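Comments concern the structure below.
Keep in mind it's a predicted model, so treat the numbers as computed, not measured. All chains are named by letter (A, B, ...) in the order of the sequence lines, taking the proteins before the strands, and each is independently numbered beginning at 1.
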Protein chains: 2
Amino acid sequence: MKKQPVCNITTQCQARILAIKDAMEILSGKWKFHILGTLLLNEKMRFMDLLREVEGIAPKMLSKELQDMEMNQLITRTVINTKPITVEYALTAAGRTVEPLIDELASWGGAYRHALYNKKGR
Amino acid sequence: MKKQPVCNITTQCQARILAIKDAMEILSGKWKFHILGTLLLNEKMRFMDLLREVEGIAPKMLSKELQDMEMNQLITRTVINTKPITVEYALTAAGRTVEPLIDELASWGGAYRHALYNKKGR
DNA sequence: AGGTATAGTTACCTGAAGGTAACCAGTTTC
DNA sequence: GAAACTGGTTACCTTCAGGTAACTATACCT
């Protein structure tokens with residue numbers, strides 16, 4: 001008799017897996033956390049500000065990531081009618097909810113680095 | 001005068017960015033969270049168990065991700081001398097520390113889905 | 001001797017992610 | 001009038017993550 005392909009498919013587990021998949025999809029890519037983290041510190045930022053603050057990002061990537069996140073309603077884009085036109089990006093309420101996640105990620109990364117330093121460092 | 005390339009490089013920020021980069025690198029990929037989540041539920045699991053539990057993963061990917069995580073000291077691999085040889089995978093103490101992170105990720109994903117459903121659903 | 005289990009490995013292929021560089025159009029400053 | 005600001009777009013190229021399928025070798029069951 002063949003072994004059953006799965007043992008652990010409770011509805012709870014399935015929902016959890018789906019939630020994780022969602023989160024990973026929405027927050028995927030190299031830059032989103034850095035952009036969101038910067039917006040958490042500064043409230044409203046223009047395109048060129050972000051380009052300077054998020055170290056290493058190219059305008060093309062920044063533009064694409066901002067569009068992604070606007071579509072997913074994490075940020076808003078507002079065109080301001082100044083002399084040279086300016087654009088303001090800001091977090092939405094939904095966008096602000098990533099703060100604990102980013103905190104957790106940062107603290108995990110920090111703790112991990114610290115733990116390895118104590119064990120293997122030299 | 002050119003604008004300064006950066007305004008926000010406090011040492012705190014730099015450390016935070018580094019920690020996030022670390023975490024993303026170590027936990028990168030489509031499968032690590034699912035594997036870790038499964039190991040959180042089951043303590044000790046064999047290769048074929050994981051292959052069955054982590055829905056959709058191919059043996060090649062599972063093997064590779066397990067090796068990655070063993071190198072990063074998140075899991076242990078123990079060969080057991082049974083009739084047909086078996087291998088047990090289990091979380092290390094460091095591996096168990098991802099639990100809050102996974103919880104946060106899952107709860108964020110769930111909340112996000114819920115929020116969008118209330119706003120745009122239908 | 002054929003099917004099942006164990007734990008993987010190997011070769012091949014593809015699509016997406018991301019980097020580089022140049023360019024656009026308008027405006028203010030030097 | 002040249003340079004630097006504004007906010008991007010476009011084309012091109014490279015890398016790699018990840019998927020598919022087949023295969024290895026040993027051993028138990030019937």
Given atom [atom1] of [X] and atom [atom2] of [N], what is their separation to the nearest angstrom?
X	N	atom1	atom2	result
A:Leu50	D:dG7	CG	C1'	12 Å
A:Met45	D:dT6	CE	C1'	15 Å
B:Asn81	D:dT26	CG	P	15 Å
B:Met48	C:dT4	CE	P	12 Å
B:Ile57	D:dA17	CD1	C1'	13 Å
B:Asp49	C:dT6	CG	P	7 Å
B:Phe47	D:dT24	CZ	C1'	14 Å
A:Arg46	D:dC5	CZ	P	12 Å

Going by the rule side chain to side chain donor-acceptor pair (under 3.5 Å), which residues pair with [X] if we only count those two or more places apart in sequence or in a different chain?
X	result
B:Asp103	A:Arg16
B:Asn72	none
B:Thr86	B:Thr82

How far does CG of A:Leu18 sit from SG of A:Cys13, to the nearest 0.5 angstrom?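 Here the interatomic distance stands at 12.5 Å.
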So how far is it from A:Thr38 OG1 to A:Arg52 CZ, rounded to the nearest 0.5 Å? 13.0 Å
DNA chain C contacts among residues 20-36 of chain A, heavy-atom distance under 4.0 Å: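 Those residues are A:Gly29, A:Lys30, A:Trp31.
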What pairs with A:Ser107 under side-chain contact (heavy atoms from CB on, under 4.5 Å), at least two apart in sequence or on another chain?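 Once residues adjacent in sequence are excluded, the partners of A:Ser107 under the side-chain contact (heavy atoms from CB on, under 4.5 Å) criterion are A:Glu104.
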I need the full list of ring pair (Phe, Tyr, Trp, His ring centres under 6.0 Å) pairs touching residues 56-113 of chain A, with sequence neighbours left out, sorted by first then second residue. A:Trp108-A:Tyr112
Among residues 60-70 of chain A, which contact DNA chain D at a heavy-atom distance under 4.0 Å?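 DNA chain D contact set from residues 60-70 of chain A: A:Lys60, A:Ser63, A:Gln67.
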All N/O donor-acceptor pairs, side-chain side in residues 30-37 of chain B, below 3.5 Å, sequence neighbours left out:
residue, atom, partner, partner atom, Å
B:Lys32, NZ, B:Ser28, O, 2.7
B:Lys32, NZ, B:Glu65, OE1, 3.2

With sequence neighbours left out, which residue pairs that include part of residues 84-94 of chain A fulfil the salt bridge (Lys or Arg N to Asp or Glu O under 4.0 Å) condition? A:Lys44-A:Glu88
Should A:Arg77 be listed as having a side-chain N or O under 4.0 Å from OP1 or OP2 of D:dG8?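 So the side chain of A:Arg77 is within the cut-off, an N or O lying under 4.0 Å from OP1 or OP2 of D:dG8.
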Look at B:Arg52 and C:dA5 and indicate whether a side-chain polar atom (N or O) is within less than 4.0 Å of OP1 or OP2.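 No, because none of the side-chain N or O atoms of B:Arg52 sits under 4.0 Å from OP1 or OP2 of C:dA5.
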